[in-house]
Amino acid sequence: MAVAAKKLQDDYGYAPTTRVYSHSRASVAEALPRYEPDIQVKTHVKRDAAPVAKPKRNIGKKLMTVLTIGVVAGTLMMLMIRYAQIAESYCAVNVLKNDIELREENIAALNVKLNSAIDIDAAREAAVKAGMGYPTADQIVMVHASDKVLTTDTAITGGTGANNGNGD
């Protein structure tokens, strides 16, 4: 049966022992003998006061530290500036892409409008009304390689070679 902490006297008489939750006396620890430190008298010897040396300031290390911090800060600033330039370029590219898409949509709409405006049957009817048709046999002129080449004068005047000024 467990017993609560109970103080017991041991052989030394000056240090009690504690028994915690144990059924036998074998689990009781012995008290250690008391330790009495040797008492020493401290004496202070006064010496002549020596000048206190100032600690050396290592300017080189401090300068290198400041320069390193400056280089790192400058590098980060340049990195941020470059990032801003890249973002601005991406923005310009996106604006141009949107402009291209709008123009392509406009071209597609104009192509649809053009294709719907051209009606082949209506064009044939207009040509027939204007007297434009396929050439007849008397309108066909055969040109052979041995014939002389037509000049602009002969083409305009109908082959007479003389320009009378009225366009005939």
Side-chain angles (χ1 to χ4, degrees), residues 1-5 18-23 27 29 32 35 42 44 46-168:
M1 197 165 176
V3 179
T18 305
R19 186 172 127 185
V20 179
Y21 301 107
S22 176
H23 298 288
S27 65
L32 295 175
Y35 172 74
K42 293 183 179 180
H44 294 283
K46 286 192 174 184
R47 296 183 185 168
D48 292 336
V52 178
K54 292 183 180 178
K56 291 183 181 179
R57 294 183 181 170
N58 196 346
I59 295 174
K61 283 185 179 180
K62 288 183 181 181
L63 183 62
M64 286 303 292
T65 302
V66 169
L67 287 176
T68 303
I69 290 171
V71 167
V72 169
T75 303
L76 289 175
M77 290 176 72
M78 293 300 292
L79 186 68
M80 288 177 12
I81 289 170
R82 185 64 185 140
Y83 181 75
Q85 290 173 346
I86 290 171
E88 187 178 333
S89 297
Y90 275 129
C91 180
V93 167
N94 289 335
V95 167
L96 290 174
K97 282 182 180 179
N98 290 339
D99 189 35
I100 289 170
E101 288 177 6
L102 289 175
R103 290 178 191 258
E104 285 176 349
E105 289 175 5
N106 190 16
I107 289 172
L110 289 174
N111 282 336
V112 168
K113 199 175 192 182
L114 178 66
N115 289 336
S116 66
I118 298 174
D119 186 17
I120 294 175
D121 294 330
R124 273 196 195 127
E125 289 175 11
V128 170
K129 278 185 182 178
M132 296 169 49
Y134 289 103
T136 59
D138 60 333
Q139 293 174 330
I140 298 174
V141 177
M142 301 300 257
V143 178
H144 297 288
S146 62
D147 293 340
K148 69 176 192 174
V149 179
L150 294 174
T151 62
T152 53
D153 243 2
T154 57
I156 292 174
T157 59
T160 60
N163 192 351
N164 57 9
N166 60 8
D168 293 338

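With sequence neighbours left out, the side-chain hydrogen bond (donor to acceptor under 3.5 Å, both in side chains) criterion links E88 to no other residue. Partners of M132 under the side-chain contact (heavy atoms from CB on, under 4.5 Å) rule, at least two apart in sequence or in another chain, are A127, A130. With sequence neighbours excluded, no residue forms a salt bridge (Lys or Arg N to Asp or Glu O under 4.0 Å) with D138. Qualifying salt bridge (Lys or Arg N to Asp or Glu O under 4.0 Å) partners for R103, counting only residues two or more places apart in sequence or in other chains: D99. For E104, the side-chain contact (heavy atoms from CB on, under 4.5 Å) partners are I100, not counting sequence neighbours.
For L102, the CG atom is densely surrounded, since the number of other residues' heavy atoms within 6.0 Å is greater than 12.
Sorted by first then second residue, the side-chain hydrogen bond (donor to acceptor under 3.5 Å, both in side chains) pairs that include residues 105-124, not counting sequence neighbours, number zero. Sorted by first and then second residue, the pairs that involve residues 71-84 and meet side-chain hydrogen bond (donor to acceptor under 3.5 Å, both in side chains), not counting sequence neighbours, are R82-Q85.
Rounding to the nearest 0.5 angstrom, the gap separating the CD1 atom in I81 from the CG atom in L76 is 11.0 Å. Here the CE atom belonging to M77 is positioned 6.5 Å from the CE atom belonging to M80, to the nearest 0.5 angstrom. In this structure, NZ in K97 is found 9.0 Å from OH in Y90, a value given to the nearest 0.5 Å.
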